Amino acid sequence: MKRARIIAGNWKMYKGIQETKQFLHALKSSFPSTSCKVVVAPSFPALAAAKEAAHGSSIALAAQNIHDAKEGAFTGEVSAQMVKEAGASYVILGHSERRELFHETDSFIQRKVKAALATHLVPILCIGEKEHDRESGNWKEVLHKQLDGSLAGFTAAELATLVIAYEPVWAIGTGKTATPEIAQETHAAIRHYVAKKWGEALSQKLPILYGGSVKPANMGQLIAEQDIDGALVGGASLDVESFTNLIIQGSSL
Ligand code: PGA
């Protein structure tokens, strides 16, 4: 089955409004012909400017986080509706930096997924094990637990638009990419578990992105694997040339 290919840039806390505009204008003018969906996740303040700069292109925008409530006394937080209004059509949820640094739990992430779906934002749900779980062979249990918790109570129909990003924590920003074999084995295991819990149909059309030190030099090998449907890219998405290169490689078979 042919699944959607997605190349998404997670800009984290980099690039303000001006840099975001410059990047998107440059990306638009060098935009390669591609079969991938291209998504950029700028900072909250730059979302609206990004929307304007991306106008007339197929570049979609993602927020890097949302709160699960519609509105309320949550100083410093933003809602799904707010980021949607600012121009996002996707939202990254459960990134390991949010889990680690901001103590986000699977049940909080589950409520965020719910808020995203209710607002028709596509959730890019990040899951990934730590180095000691990979080394001890415990990685499958960790990933299953994250999937059980973050997706508790949803039907397959509700999850129709879901995207999963497998991001081994030990590979994020470390330069240590999972080998294509490890990534493929893990993606296949995730797909298998989704099939078991939500059915074969959802699992077969679910895009599973790989994330963790993806760069032009390793993209080709990763995307060649059967169960890798694209990438969630941090560092290498901050440079137009490198991101364009990733988009080109993402389209190859
Ligand atoms: P990296 O980040 O590509 O810089 O490793 C990936 C991510 O955190 O999504």
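Just so it is clear, the structure is predicted and the values come from calculations on it, not from any experiment. Read the numbers this way: they start at 1 and go in the same order the structure lists the ligands and their atoms.
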In this structure, atom 4 (O) of ligand 1 is nearest to the protein heavy atom Gly235 N, 2.9 Å

With Glu104 as partner, the option from Arg111, Arg99, Lys112 fulfilling salt bridge (charged side-chain N to carboxylate O under 4.0 Å, His left out) is Lys112

Would His95 and Glu167 count as having a side-chain donor-acceptor pair, cut-off 3.5 Å? yes

Minimum distance, heavy atoms only, to atom 9 (O) of ligand 1: which one of Lys176, Lys215, Glu167 is it? Glu167

Which ILVMFWY residues are connected to Leu101, directly or by a chain of links, through side-chain heavy atoms under 4.5 Å apart? Phe102

Find the distance between NZ (Lys84) and CG (Leu121) and round it off to the nearest 0.5 Å. 6.0 Å

Return each pair, listed once, that meets side-chain hydrogen bond (donor to acceptor under 3.5 Å, both in side chains) where at least one residue sits in residues 29-54; pairs must be two or more places apart or across chains. Thr34-Ser251

Below 30° counts as parallel, above 60° as perpendicular, anything between as tilted: where do the rings of Phe108 and His67 land? perpendicular

Short list, please: which atoms of ligand 1 are under 4.0 Å from a heavy atom of His95? 7 (C), 8 (O), 9 (O)

Considering only heavy atoms, which of Gly211, Gly173, Gly9 lies nearest to atom 5 (O) of ligand 1? Gly173

Hey, is Asn10 touching ligand 1 through its side chain, its backbone, both or neither, going by heavy atoms under 4.0 Å? side chain

I need the atoms of ligand 1 closer than 4.0 Å to a non-hydrogen atom of Gly212, numbered in the order shown. 5 (O)

Could you say whether the N/O atoms of Val233 and ligand 1 ever approach to under 3.5 Å? no

For ligand 1, which atoms have a heavy atom of Lys12 less than 4.0 angstrom away? 2 (O), 7 (C), 8 (O)

Which residue from Gly234, Cys126, Ser96 reaches closest to atom 1 (P) of ligand 1 through any of its heavy atoms? Gly234

Can you label the angle between the Phe23 ring and the Phe243 ring as parallel, tilted or perpendicular, going by 30° and 60°? tilted

Taking only non-hydrogen atoms of Ser213, do any sit less than 4.0 angstrom from ligand 1? yes

